[in-house]
Number of protein chains: 2
Amino acid sequence: MASDDQHPPDTIPTATLQERVYRELREAIMLGQFHPGDAMTIRGLAEKLGTSMMPAREALRRLVAERALTLLPNRRVAVPRMTPETFRELTEARVALEVLAARRAFPATDPALADRLAAINTQQDEAIAAGDWSGYQERNRAFHFALYACAPAQVLMPLIESLWLQIGPFLYLTRESLGTTYLDDRHEEAIAAIKDRDEDGLALAIEQDIRDGMGGLPALLANRVPPPTGGPE
Amino acid sequence: MASDDQHPPDTIPTATLQERVYRELREAIMLGQFHPGDAMTIRGLAEKLGTSMMPAREALRRLVAERALTLLPNRRVAVPRMTPETFRELTEARVALEVLAARRAFPATDPALADRLAAINTQQDEAIAAGDWSGYQERNRAFHFALYACAPAQVLMPLIESLWLQIGPFLYLTRESLGTTYLDDRHEEAIAAIKDRDEDGLALAIEQDIRDGMGGLPALLANRVPPPTGGPE
DNA sequence: GCTCGCACACTGTGATCACATTCAAAGATT
DNA sequence: AATCTTTGAATGTGATCACAGTGTGCGAGC
């Protein structure tokens, strides 16, 4: 049992192949490595990951169910396109759910969490300074989810993650903003509110953080993708 | 083309088999025809619907992705059990999202919609009077979704539907309440608010309607399912 | 009579194949 | 030369099969 259950470090024992494909795709989507309109095929994905059609097929369908990908009328899956209107809807949904998650988390927050959040925030600033856009996004995600995870949220978290997945393909719009414009967030305010035991202050900080971060995107979107029938790849 | 594309009325042309299985299961779940803990197998579902494993498999995985079903550690799918705590979380999420949906819908509401909602409400009362529990649930669903559908909501609606799906298996708890206790809702207040062009009143009516409807369930849940290891079927 | 062990049925996972549809490029016709 | 047709590759869907893990029930042994 000792030697047989030990998998080589490269052979990730992630229970099922479908799960591995799913997580890989999901991470890539959330980090903005795909662009709106990019189409994907079952066989192509399977070949790229060295599996058969089945795991790729199930991973794609799962991401479609989570609204991370869309099913075209052709029955082919693609990264969704988005209108400014949909973007505003995503923003409102994020505010509603994440403010609620923050409020639920609030009673469980403590100075230790504030320190951890501050550490993440520092790393995020370092990423900005280093021009590490991916690191910046990753830290931003870590900040929010570390806060929300304080209270067990079996219902809320999947909903919020679905929203983040839907936004992922459009984060690349902010890539060039990293450096040109000053990317400010409300993370310090949130940390301060936790230390001051100010629930409303925390809720406000989260809300403004989301609105600030998402606010500029519809404009960028409108400027960037006027060709509605652009071939992705 | 004329005769070949015409399907017999019973052979529903629903594009894919998987879709048909999915919709059938989904409807059954939302109407509370399954109970918490009920387990389902791919082969069993396939045989029951007369298809092969594949459509049943994909339909189940899709419902799992939408949180309507859960994946047990055995990798088997079952109707989720729920704790009172999770129920409260569902209630809060519903309030947050559906109030938002109602506010988004508000500018598009008009007297015609108010009349349609009133008609649905009348049918709902008739269902209550007739002891038609399924009809009551169906009308309640129709009322809420008719309101939310006023504004296009590609993001919000799937999230809300996911929440309703998660609640579905527990609606049976209210079955015996239909008749014993007086089931009141805030639908009249919502209709009045639409007529009065009172957005805040509409939001409040929806919030109270949700809280009233869901409020009693945790208690019923606690009374009903003390045996945590009950064999479902 | 009770407990431990073994065998068998059952389930999900993954692979492979067959088929209908779709998309596109090449060829033929006007 | 432009347009319609045809042919071919490619894709999603569904079916079937092989395999490993799990759970259950039966039977042997203490």
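Below, read A as the first sequence line, B as the second, and so on, with proteins coming before strands; counting in each chain starts at 1.
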Can you check whether A:Arg76 has a side-chain N or O nearer than 4.0 Å to OP1 or OP2 of D:dA10? no

To the nearest angstrom, the CE-P distance between A:Met54 and C:dG14 comes to 8 Å

Length of the CD1-P vector between A:Ile42 and C:dC17, whole Å: 17 Å

Tell me: CD of B:Glu19 to C1' of D:dG12, nearest whole Å? 14 Å

Of the nucleotides C:dG14, D:dA15, C:dT11, which one has an atom closest to the side chain of A:Pro55? C:dG14

How close do B:Ile42 and B:Ala56 get, counting heavy atoms only, and between which atoms? O-CB, 3.7 Å

Could you tell me the separation between the CZ atom of A:Arg62 and the P atom of C:dG14, rounded to a whole number of Å? 12 Å

Which one, C:dG14, D:dG12, D:dA15, comes nearest to the side chain of A:Gln18? C:dG14

Expressed in angstrom and rounded to an integer, what is the separation of B:Arg43 atom CZ from C:dA9 atom P? 14 Å

Check the orientation of A:Tyr172 and A:His35. Use parallel for under 30°, tilted for 30 to 60°, and perpendicular for over 60°. parallel

Residue that, paired with A:Glu66, satisfies side-chain contact (heavy atoms from CB on, under 4.5 Å) out of A:Arg26, A:Arg61, A:Glu161: A:Arg26

Does A:Asn74 have a side-chain nitrogen or oxygen under 4.0 Å from the phosphate oxygens OP1 or OP2 of C:dC23? yes

Any side-chain N or O of B:Arg61 less than 4.0 Å from the OP1 or OP2 oxygen of C:dT13? yes

Would you say a side-chain N or O of B:Thr16 is under 4.0 Å from OP1 or OP2 of D:dG12? no

A:Glu47 CD to C:dA15 C1', in whole Å, measures 15 Å

Write down the distance between CE (A:Met53) and P (D:dT11), rounded to a whole number of angstrom. 10 Å

A:Trp133-A:Glu138 side chain donor-acceptor pair, cut-off 3.5 Å: no

Nucleotide of C:dG14, D:dA15, C:dG12 approaching B:Leu17 most closely (side-chain heavy atoms): D:dA15

With distance as the sole criterion, do the side chain of B:Arg57 and the base of C:dG14 form a donor-acceptor contact below 3.5 Å? yes

Send over the distance from B:Tyr22 OH to D:dT13 P, rounded to a whole Å. 15 Å

Distance under 6.0 Å and angle within 45° of ring axis: A:Arg141 vs A:Phe145: yes

